[in-house]
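Below is one structure; the comments refer to it alone.
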Amino acid sequence: MTSPDADRLKALLPDEVAGRVQSLRLADGKASLVIDASGLSVQDRAGLEQLVAGTLEGQPGVAEVRVAVMADKPVRRILAVGSGKGGVGKSTLAANLAVALSRMGRKVGLVDADIYGPSQARLLGTEGQRPVAHESRLVPLASAFGVPVLSMANLLEPGQAIAWRGPMVAGALTKMLEGHWDNAEILVVDLPPGTGDVQLTMLQKFKPAGAVIVSTPQDLALMDATRAVELFEKSGVPVVGVVENMAGYACPHCGEVSDPFGVGGAEAAARDMGQAFLGRIPLDIAIRRESDAGRPPAAGDGPQADAFAALAAQVSDWLDSH
Ligand SMILES: Nc1ncnc2c1ncn2[C@@H]1O[C@H](COP(=O)(O)OP(=O)(O)OP(=O)(O)O)[C@@H](O)[C@H]1O
Ligand SMILES: [Mg+2]
């Protein structure tokens, strides 16, 4: 951006694109740009290239436009797991979704954004471990399931109470999200319930590429999930879809799933909200027992693993097409 001509060209680009321009030279009618496409999907990168070329071609003094797109950092996208109310199984879903995505060959990390009520140390069996910092950034803990993880539970002394105010919470979340995630392409973020500071920091500062909404069958009837969908949509975060958790009851003896509340209500409710339905995870004692013991069922080989694999496949497809 040395010449006034180059500056003039840069000014033609939308702000968010101009912010990514690493260099812009104009010589002999040829505009050469280097653009940082870190964090963008393959589709978005192609779109960015087209937009730049389309905007600059034909401008006075420009006979040719050359765009070099670089993404030296891996393209990393945040996938938020949220819900309208507490206790519906967000943390369980987030952990198992991360494990199932990793089993598919995706590079995944897991951030526990529930600062006041962290669950992921227990769910991924990293209780009692402490992450170290490298160059003042946290190094995620390697769990036994192919998913590195950072949780407030690993950053506090056991039994230490948290009485933090908003800015400190936002700071802790930032530290975790800006950790050494290395080659992780997806960061699954387990959100606390509601619409507090954590969600706001998250949505403003680290905008997720998509959000998975977890709901129980009862909630969908009560439209709690609608509030969650609205929170994300208002913030411009696309909703991947709705997962129905604790859907039907898996018999601990024969594994058969019965449906005391009937079937199909959740799917219809998701459709009414204009959202995709990502599937059902049954209420299954094995899910609670294994989760409590730090063995995510998605890492096993039972029907529970199949249910999480099916969910991960849908989420993976969504990521590929967005
Ligand atoms: N499909 C399931 N079958 C059986 N138990 C489940 C299932 N999903 C979650 N649970 C259990 O329900 C409880 C609540 O789940 P979890 O902690 O994942 O919910 P949450 O939405 O993250 O809660 P919070 O809002 O407090 O963060 C846990 O004991 C968990 O093991
Ligand atoms: Mg939770």
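These figures come from a predicted structure and were not determined experimentally. In listed order, ligands and their atoms are each counted from 1.
Protein heavy atom at the shortest distance from atom 23 (O) of ligand 1 is G87 N, 3.1 Å. Of all protein heavy atoms, the one lying nearest to atom 4 (C) of ligand 1 is D284 O, 3.1 Å. Regarding atom 5 (N) of ligand 1, its nearest protein heavy-atom neighbour is R288 CB, 3.6 Å. Protein heavy atom nearest atom 19 (O) of ligand 1, with residue, atom name and distance: G89 N, 3.0 Å. Counting only heavy atoms of the protein, atom 10 (N) of ligand 1 lies nearest to M246 CE, 3.9 Å.
Side-chain N or O atoms of R45 include none that pairs as donor or acceptor with a backbone N or O of V69 at under 3.5 Å. Side-chain atoms of D190 do not come within 3.5 Å of backbone N or O of A94 as any donor-acceptor pair. Here the side chain of D28 pairs no donor or acceptor atom with the backbone of K30 at under 3.5 angstrom. At least one donor-acceptor pair closer than 3.5 Å links the side chain of R76 to the backbone N or O of A184.
Using a cut-off of 4.0 Å between Lys/Arg side-chain N and Asp/Glu carboxylate O, D292 and R289 are scored as not salt-bridged. R122 and E127 are not joined by a salt bridge, as no carboxylate oxygen comes within less than 4.0 angstrom of a charged side-chain nitrogen. A salt bridge links R280 with D259: the closest approach of a Lys/Arg side-chain nitrogen to an acidic carboxylate oxygen falls below 4.0 angstrom. Between R106 and D320 a salt bridge is recorded (basic side-chain N to carboxylate O distance below 4.0 Å).
Every atom of ligand 1 is numbered from 1 in the order shown, and the set under 4.0 Å from a heavy atom of G86 is 25 (O). Those atoms of ligand 1 with a heavy atom of D114 less than 4.0 angstrom away are 27 (O). With ligand atoms numbered from 1 in the order given, ligand 1 contributes 3 (N), 4 (C) to contacts under 4.0 Å with heavy atoms of L283. Near P282, with a cut-off below 4.0 Å to any heavy atom, the atoms of ligand 1 are 1 (N), 2 (C), 3 (N).
Side-chain contact check for Q204 and Q199: no donor-acceptor pair (N or O, by modelled atom type) lies under 3.5 Å. Side-chain contact, D284 with Q304: a donor N or O sits under 3.5 Å from an acceptor N or O.
The N/O atoms of S91, backbone and side chain alike, include one that comes under 3.5 Å of an N/O atom in ligand 1. For K90, a nitrogen or oxygen atom sits less than 3.5 Å from a nitrogen or oxygen atom of ligand 1, counting backbone and side chain alike. Between I281 and ligand 1, no pair of N/O atoms sits closer than 3.5 Å.
The environment of R66 atom CZ is sparse: at most 12 non-hydrogen atoms of other residues, nucleotides or ligands sit within 6.0 angstrom. The neighbour count for D301 CG, taken as heavy atoms of other residues, nucleotides or ligands under 6.0 Å away, does not exceed 12.
No heavy atom of G117 sits closer than 4.0 Å to any atom of ligand 1. Within the 4.0 Å heavy-atom shell around ligand 1 one finds P193.
Neighbouring protein atoms of the Mg ion (ligand 2) (N, O or S, distance under 2.8 Å, waters ignored): S91 OG.
In this structure, L124 CG and Q129 CD are separated by 10.5 Å, a value rounded to the nearest 0.5 Å. In this structure, CE on M176 lies 11.0 Å from CG on L187, to the nearest 0.5 angstrom.
Note that atom 28 (C) of ligand 1 has no protein non-hydrogen atoms nearby, at separations under 4.0 angstrom. In this structure, atom 13 (C) of ligand 1 has its sub-4.0 angstrom surroundings free of protein heavy atoms.
Under a hydrophobic clustering in which Ile, Leu, Val, Met, Phe, Trp and Tyr are joined whenever their side-chain heavy atoms come within less than 4.5 Å, directly or via other members, W318 and M104 fall into the same cluster.
Contacts of N245 with ligand 1, taken as heavy-atom pairs under 4.0 Å, involve the side chain alone. Both the backbone and the side chain of T92 come within 4.0 Å of ligand 1, judged by heavy-atom distances.
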